[in-house]
Visitor: 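First, the structure itself, so that you have it in front of you.
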Amino acid sequence: HLATRRIDGAIALFKGLMEKFPQQARDEHVGLSLAVCYEEKNDFKAARAVLNEIRGFYPRPDFIDLKIQRLAEREAQLPGAQGLRK
């Protein structure tokens, strides 16, 4: 589904895999693919939520932190966004 750009189908599939086979989904990094699907739909909040959920199981949490930071930056650059304030 993801390769053919049927994002909603891919989201449903990945969520189902994570529910039915949680350990194998962690081992195969299905959550990362799910986050990519949400990112494709510009649902950055959902993508960050998934990444935060899998952060503790991912072998490189620094990579997940970087992805979360980049998603926040992309979201801030969307039309109508208030941007990141310092």
Side-chain angles (χ1 to χ4, degrees):
H1 289 288
L2 183 58
T4 58
R5 310 290 293 170
R6 293 185 293 190
I7 303 300
D8 291 327
I11 288 172
L13 182 68
F14 290 139
K15 286 172 108 175
L17 288 172
M18 290 175 73
E19 289 174 11
K20 290 181 183 177
F21 309 102
Q23 185 59 48
Q24 189 174 359
R26 284 186 203 127
D27 294 343
E28 299 293 328
H29 309 298
V30 172
L32 196 55
S33 297
L34 179 58
V36 168
C37 290
Y38 283 124
E39 184 178 358
E40 286 291 318
K41 291 185 67 156
N42 287 335
D43 189 349
F44 300 112
K45 183 178 180 180
R48 286 194 312 268
V50 170
L51 291 171
N52 280 317
E53 183 180 320
I54 67 167
R55 185 183 182 280
F57 305 108
Y58 198 75
R60 291 192 44 220
D62 57 321
F63 173 75
I64 299 296
D65 291 338
L66 183 61
K67 288 276 298 170
I68 291 169
Q69 178 184 352
R70 288 185 177 165
L71 286 171
E73 291 170 0
R74 278 192 63 200
E75 184 176 26
Q77 294 174 0
L78 289 175
Q82 296 298 317
L84 292 176
R85 307 233 182 228
K86 292 187 178 194

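Here, residue 1 is the first one in the sequence, and each next residue gets the next number.
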Visitor: Taking distance alone, no hydrogens or angles, what donor-acceptor pairs closer than 3.5 Å link side-chain atoms of residues 52-59 to residues at least two apart or in another chain?
Guide:
residue, atom, partner, partner atom, Å
N52, ND2, R48, O, 3.1
R55, NE, D65, OD1, 2.6
R55, NE, D65, OD2, 3.4
R55, NH2, D65, OD2, 2.9

Visitor: Between I68 and L66, is there shared hydrophobic-cluster membership here, with clusters defined by ILVMFWY side-chain heavy atoms closer than 4.5 Å?
Guide: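 Different hydrophobic clusters.
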
Visitor: Over all heavy atoms of both residues, which pair between I11 and C37 is shortest? Give the atoms and the distance, please.
Guide: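 I11 and C37 have their closest heavy atoms at CG1-CB, 3.5 Å.
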
Visitor: Does some side-chain heavy atom of L71 sit less than 4.5 Å from a side-chain heavy atom of Y38?
Guide: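 The answer is no; the side chains never approach within 4.5 Å.
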
Visitor: Do the side chains of V50 and L32 join up, straight or via other hydrophobic residues, at under 4.5 Å, putting them in one cluster?
Guide: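 Looking at the clustering, L32 is in the same group as V50.
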
Visitor: How long is the straight-line distance from CZ of F44 back to CG of L51, given to the nearest 0.5 Å?
Guide: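 Between atom CG of L51 and atom CZ of F44 there are 12.0 Å.
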
Visitor: Could you check V30 against Q24 for side chain to side chain contact (heavy atoms under 4.5 Å, CB included), going step by step and ending with a plain yes or no?
Guide: CA-CA 9 Å; V30 172; Q24 189 174 359; over 6 Å; no

Visitor: When you compare the side chains of E73 and Q69, does any donor N or O come within less than 3.5 Å of an acceptor on the partner?
Guide: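 A donor-acceptor contact under 3.5 Å links the two side chains.
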
Visitor: Filter on salt bridge (charged side-chain N to carboxylate O under 4.0 Å, His left out), then keep only pairs touching residues 15-40, sequence neighbours left out; what's left?
Guide: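 Output for this query lists R5-E40, E39-K67, E39-R74.
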
